[in-house]
Amino acid sequence: MTEGGEPASLWEEAHSFAERLNYLVAGVLVGDLPQFRAEEHHERLVVVSTGTEAFRLRRSLSDAQFALLDVSFHCVWNSSKSFLGIHKSTFKLRGPDGGHPVFHMDYLRRPHSRSVPVAHYNVSSQHPVVREMVDPAGAADDPESTRKIHIPVGGHRFRPTLEDVLQMLITDFNVECKPGWRGSIEEGRGIFRETQTAAAVLDHPQKAAEELRRQGFSVEWTGPPKEQPVDIRAESFYRY
């Protein structure tokens, strides 16, 4: 919504989202950071990314670049057009030469196959046992065969966020960061999880009302009887 209470356009919502991402990374990473920006592809899709630029990551106490991080979000309206939804997102970690990713984390609102999790990791591994498990016939000739593995990570509602990826890079890869980075990450993560909690309630309103009553809240439907929400949005709630 705009300040005057009028519905915002998809581009305006995506632009605000890009600004929140810039605020996040400015509080976490160091150096000359690329800026997220919204680019309208058509009236139903806006892409928020840093374009062809990647975040150039350095280890703490080192001037040497050791990895590149690519981030992009394809933004759409949610089903009720009340808040911004993500059609597709990708977080991709590559080596300093920009070659094959070490891993990439993808979210696909509508995957091309029911066998692909909506939110998943792909990890490139050279471990021979893993390669043999994935492709026993051709593992020896295909060092990238493990990229076929889609590791599920939480579905539509509870998937990892950019904040989670940044924290992992700091704690596990020792990426150089700013003092107070944890507060910036927790603030952004809190905003995302509040939104997802509200969306999960819409997926299963009867269960949400039941639990609130169990906790002592008074929850009753006050709308027209024929419109009482009784159905679970199964596509979002149960999707692999």
Side-chain angles (χ1 to χ4, degrees), residues 10-11 13-22 24-25 28 34 36-42 44-51 54-55 67-94 100-124 146-169 172 185-204 232-240:
L10 176 60
W11 187 90
E13 288 291 315
H15 177 73
S16 296
F17 178 51
E19 290 300 307
R20 292 199 299 273
L21 293 173
N22 287 328
L24 165 67
V25 296
V28 175
F36 286 98
R37 55 188 178 272
E39 297 181 356
E40 189 168 5
H41 280 220
H42 51 75
R44 296 181 61 188
L45 175 66
V46 176
V47 176
V48 172
S49 72
T50 58
F55 291 98
L68 301 173
L69 177 66
D70 300 295
V71 182
S72 68
F73 299 88
H74 292 205
C75 304
V76 295
W77 283 124
N78 74 319
S79 57
S80 63
K81 292 190 176 182
S82 56
F83 56 83
L84 192 73
I86 303 300
H87 180 72
K88 173 183 176 182
S89 66
T90 298
F91 311 142
K92 186 182 299 183
L93 184 69
R94 298 178 289 144
H100 285 305
V102 177
F103 75 83
H104 58 96
M105 181 192 300
D106 298 325
Y107 168 68
L108 305 169
R109 192 182 186 94
R110 302 202 191 305
H112 59 82
S113 169
R114 294 290 297 183
S115 65
V116 176
V118 292
H120 61 264
Y121 273 113
N122 289 111
V123 181
S124 293
T146 53
R147 290 197 295 163
K148 301 173 185 176
I149 303 174
H150 299 87
I151 303 170
V153 284
H156 282 288
R157 297 293 170 237
F158 306 109
R159 61 189 187 271
T161 65
L162 178 57
E163 288 83 357
D164 299 325
V165 173
L166 292 174
Q167 183 163 352
M168 177 197 66
L169 291 172
D172 291 352
I185 282 177
E186 289 178 352
E187 179 183 357
R189 183 183 288 135
I191 292 171
F192 174 81
R193 291 186 178 174
E194 286 177 1
T195 301
Q196 294 305 94
T197 298
V201 168
L202 293 177
D203 289 343
H204 205 334
I232 296 171
R233 295 195 310 201
E235 177 62 23
S236 296
F237 199 75
Y238 292 115
R239 188 69 163 83
Y240 172 61

Gap between atom [atom2] of [Y] and atom [atom1] of [X] - 0.5 Å precision:
| X | Y | atom1 | atom2 | result |
| --- | --- | --- | --- | --- |
| Leu162 | Arg189 | CG | CZ | 10.5 Å |
| Phe103 | Asn122 | CZ | CG | 11.0 Å |
| Gln196 | Asp203 | CD | CG | 9.0 Å |
| Leu69 | Phe55 | CG | CZ | 6.5 Å |
| Leu45 | Trp11 | CG | CH2 | 14.5 Å |
| Met105 | Met168 | CE | CE | 6.5 Å |

With a 4.5 Å cut-off on side-chain heavy atoms, are Leu93 and Leu169 touching?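 Yes. Closest side-chain heavy atoms under 4.5 Å.
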
Is Leu24 close to Leu166 at the side-chain level, that is, under 4.5 Å between some pair of heavy atoms?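 Yes, close enough: below the 4.5 Å cut-off.
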
So which atom in [X] and which in [Y] form the shortest heavy-atom distance, rounded to 0.1 Å?
| X | Y | value |
| --- | --- | --- |
| Ser49 | Val71 | CB-O, 3.6 Å |
| Gly51 | Arg37 | CA-NH2, 3.7 Å |
| Ala119 | Gly155 | CB-O, 3.8 Å |
| Pro34 | Asn22 | O-OD1, 4.4 Å |
| Ala54 | Asp70 | CB-OD1, 3.2 Å |
| Ser115 | Tyr240 | O-CE2, 3.4 Å |

Should Ile86 and Cys75 be marked as a side-chain contact (heavy atoms from CB on, under 4.5 Å) after you check the CA-CA gap, both sets of side-chain angles, and the distance that decides it? CA-CA 5 Å; Ile86 303 300; Cys75 304; 4.0 Å; yes

State which residues pass side chain to side chain donor-acceptor pair (under 3.5 Å) with Arg109; sequence neighbours excluded, sorted by chain then number.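 Expected list: none.
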
In terms of ring plane angle, is the pair Phe73 and Phe36 parallel, tilted or perpendicular, where the classes change at 30° and 60°?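 Rings of Phe73 and Phe36: tilted, 30 to 60°.
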
Between the main-chain N or O of Val47 and the side-chain N or O of Glu39, is there a donor-acceptor pair closer than 3.5 Å?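 No.
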
Please list, chain by chain and in numerical order, all residues satisfying ring-ring contact (aromatic ring centres under 6.0 Å, His included) with His156, sequence neighbours excluded.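 ring-ring contact (aromatic ring centres under 6.0 Å, His included) list for His156, sorted by chain: Tyr107.
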
For His120 and His150, I'd like to know if the aromatic rings sit close, meaning centre-to-centre distance below 6.0 Å.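 Yes, ring centres under 6.0 Å apart.
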
